*Asks:* 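Quick one: structure below, then a few questions.
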Amino acid sequence: MFGRRACTVVRRETYGPYVVIDVHDPDGRPPAPGQFYMLAAVERWGGGEDERPFLPRAFSVLRARDGRLSFLFDDVGPGTNRLMELEVEDELWLAGPLGEGWRTTERRPVLIGGGVGVAPLLALADDLDDAQVLLGFRDAHHAEAAALFNATPGTVPTVATDDGSAGHRGLVTDLLPDDLSDVELFACGPPAMLEAIRALGVPAQLALESGMACGFGACFGCVTPLAGGGYARVCVDGPVFAAAELAEVPAH
């Protein structure tokens, strides 16, 4: 898993502003939901003006089926911009699977995703028989990504948007059940959303997003503070943490 390998893009789809690519990964071991990969385009990466992008980028696996891996991209910088340009037959450098993923429990699962944070939740939903799924987006255009869950039997996500153009108008946390006594929350999304969930004090697992230089725990560039003092590395101790382990969810 520590050596990168070139994988071929076999499918490309768009969901609103997001791009989903599938790659054929015959030599990699299957990932657990919540794990991530370090990605870089084989061509036009690490060169050109200002040498950007240079380092690989960390992405949670969206779905893993039949030797294929799916990833979800949003255009937020030179790295994601280049990855979103990939077409079928292009090649992608891939290292992984890396990190610690979700841990299922006997409690009732409620999945909460915000924006591109829906990615590791789809991989988890594929492994669960039944789960409540709550998804938050900026607007209806971004909320087209909720259709990704249509291929998961028995899963019908409830959507919230900031502007009310699709589903509930407001925060995705507004959709949480009133009774959380038997629930385990699984969440990935913006830091403010994750911090609000952590502050509830109920059983929850949070998938943190962090810029990573290596993905292997060597550079200590992705640390997060722990409730008991000290720090954990998101890339090797996470990216999924029990909410009670964390002192806070740092803002990017």
Side-chain angles (χ1 to χ4, degrees), residues 15-20 33-36 57-62 71-77 79-81 83-84 99 101-102 109-125 132-146 148-149 157-176 180 184-202 204-212 221-227 232 234-235 237-252:
Y15 292 83
Y18 304 117
V19 169
V20 173
Q35 289 190 298
F36 71 95
R57 302 295 196 263
F59 286 91
S60 296
V61 63
L62 175 72
F71 298 97
L72 173 69
F73 302 129
D74 189 15
D75 189 359
V76 296
T80 50
N81 179 266
L83 293 170
M84 292 178 76
W102 306 107
V110 175
L111 282 51
I112 312 154
V116 291
V118 305
L121 296 174
L122 181 60
L124 176 62
Q132 184 177 5
V133 178
L134 312 175
L135 305 178
F137 299 97
R138 186 181 310 170
D139 51 36
H141 187 46
H142 289 77
E144 290 181 30
L148 288 161
F149 287 80
T158 303
V159 169
T161 52
D162 295 343
D163 64 358
S165 55
H168 168 76
R169 179 171 186 163
L171 302 176
V172 67
T173 49
D174 297 342
L175 304 175
L176 285 170
L180 299 175
E184 179 97 10
L185 304 179
F186 298 83
C188 184
M193 184 196 92
L194 296 183
E195 176 61 16
I197 292 170
R198 187 197 67 82
L200 292 173
V202 300
Q205 297 177 37
L206 311 180
L208 303 189
E209 298 176 351
S210 178
M212 297 179 189
C222 61
V223 295
T224 189
L226 297 176
V234 173
C235 63
D237 301 312
V240 177
F241 293 89
E245 293 182 83
L246 302 173
E248 61 179 348
V249 176
H252 291 327

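Index from 1, following the sequence. What you are looking at is a predicted structure, and each value in this text was computed from that prediction instead of being measured.
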*Asks:* Check whether any side-chain heavy atom of M193 lies under 4.5 Å from a side-chain heavy atom of L171, and answer yes or no.
*Replies:*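 Not touching, per the 4.5 Å side-chain cut-off.
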*Asks:* With sequence neighbours excluded, what pairs up with D162 under the side chain to side chain donor-acceptor pair (under 3.5 Å) test?
*Replies:*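 With sequence neighbours excluded, D162 shows a side chain to side chain donor-acceptor pair (under 3.5 Å) to no residue whatsoever.
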*Asks:* I need the T80 OG1 to L72 CG distance, nearest 0.5 Å.
*Replies:*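 Taking OG1 in T80 and CG in L72, the distance rounds to 11.0 Å.
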*Asks:* Between T161 and A140, is there a donor-acceptor pair closer than 3.5 Å when you use the side chain of the first and the backbone of the second?
*Replies:*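 No; judged by distance alone, with no hydrogens or angles, the pair does not exist.
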*Asks:* So do the side chains of F59 and L83 get within less than 4.5 Å of each other, counting heavy atoms only?
*Replies:*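 They are in contact (side-chain heavy atoms under 4.5 Å apart), so the answer is yes.
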*Asks:* Would you sort out whether T173 and L200 count as a side chain to side chain contact (heavy atoms under 4.5 Å, CB included), showing the intermediate values?
*Replies:* CA-CA 11 Å; T173 49; L200 292 173; over 6 Å; no
*Asks:* Please report the shortest heavy-atom distance between A232 and F241, naming the atom on each side.
*Replies:*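 Shortest heavy-atom separation between A232 and F241 comes out as CB-CE2, 3.7 Å.
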*Asks:* Sort and list the pairs that fulfil side chain to side chain donor-acceptor pair (under 3.5 Å) and have at least one residue in residues 115-125, not counting sequence neighbours.
*Replies:*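 Not a single pair qualifies under side chain to side chain donor-acceptor pair (under 3.5 Å).
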*Asks:* Do L226 and L246 have side chains that get closer than 4.5 Å, going by heavy atoms?
*Replies:*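 Yes. Closest side-chain heavy atoms under 4.5 Å.
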*Asks:* For residues A204 and I197, report the shortest heavy-atom separation together with the two atoms involved.
*Replies:*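 So the minimum-distance heavy-atom pair works out to CB-CG2, 4.1 Å.
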*Asks:* List the atom of A146, the atom of P157, and the distance in Å for their closest heavy-atom pair.
*Replies:*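 Shortest heavy-atom separation between A146 and P157 comes out as O-CG, 3.8 Å.
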*Asks:* State the NE2-OG distance between H142 and S165, to the nearest 0.5 angstrom.
*Replies:*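 Separation between the atoms: 10.0 Å.
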*Asks:* For G99 and Q35, work out which heavy atoms get closest and say how close.
*Replies:*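 Answer, listing the atom of G99 first, then Q35: O-NE2, 2.9 Å.
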*Asks:* If every non-hydrogen atom of F36 is compared with every non-hydrogen atom of P239, which pair is closest and at what distance?
*Replies:*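 Closest approach of F36 to P239, heavy atoms only: CD2-CD, 3.8 Å.
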*Asks:* Excluding sequence neighbours, so at least two apart, what forms side chain to side chain contact (heavy atoms under 4.5 Å, CB included) with T158?
*Replies:*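 Residues passing side chain to side chain contact (heavy atoms under 4.5 Å, CB included) with T158: L134, L175.
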*Asks:* For E195, which residues count as a salt bridge (Lys or Arg N to Asp or Glu O under 4.0 Å) partner, sequence neighbours excluded?
*Replies:*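 With sequence neighbours excluded, E195 shows a salt bridge (Lys or Arg N to Asp or Glu O under 4.0 Å) to R198, given in chain and number order.
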*Asks:* For residues 110-125, please give each side-chain donor-acceptor pair under 3.5 Å, one per line with the distance, not counting sequence neighbours.
*Replies:*
none

*Asks:* Report the residues that fulfil ring pair (Phe, Tyr, Trp, His ring centres under 6.0 Å) with F186, sequence neighbours left out, ordered by chain and then residue number.
*Replies:*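 If we apply the ring pair (Phe, Tyr, Trp, His ring centres under 6.0 Å) test to F186, skipping adjacent residues, the hits are W102.
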*Asks:* Please check if the side chain of N81 supplies one atom and the backbone of M84 the other of a donor-acceptor pair under 3.5 Å.
*Replies:*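 Flag not set: sc N81 to bb M84 has no pair under 3.5 Å.
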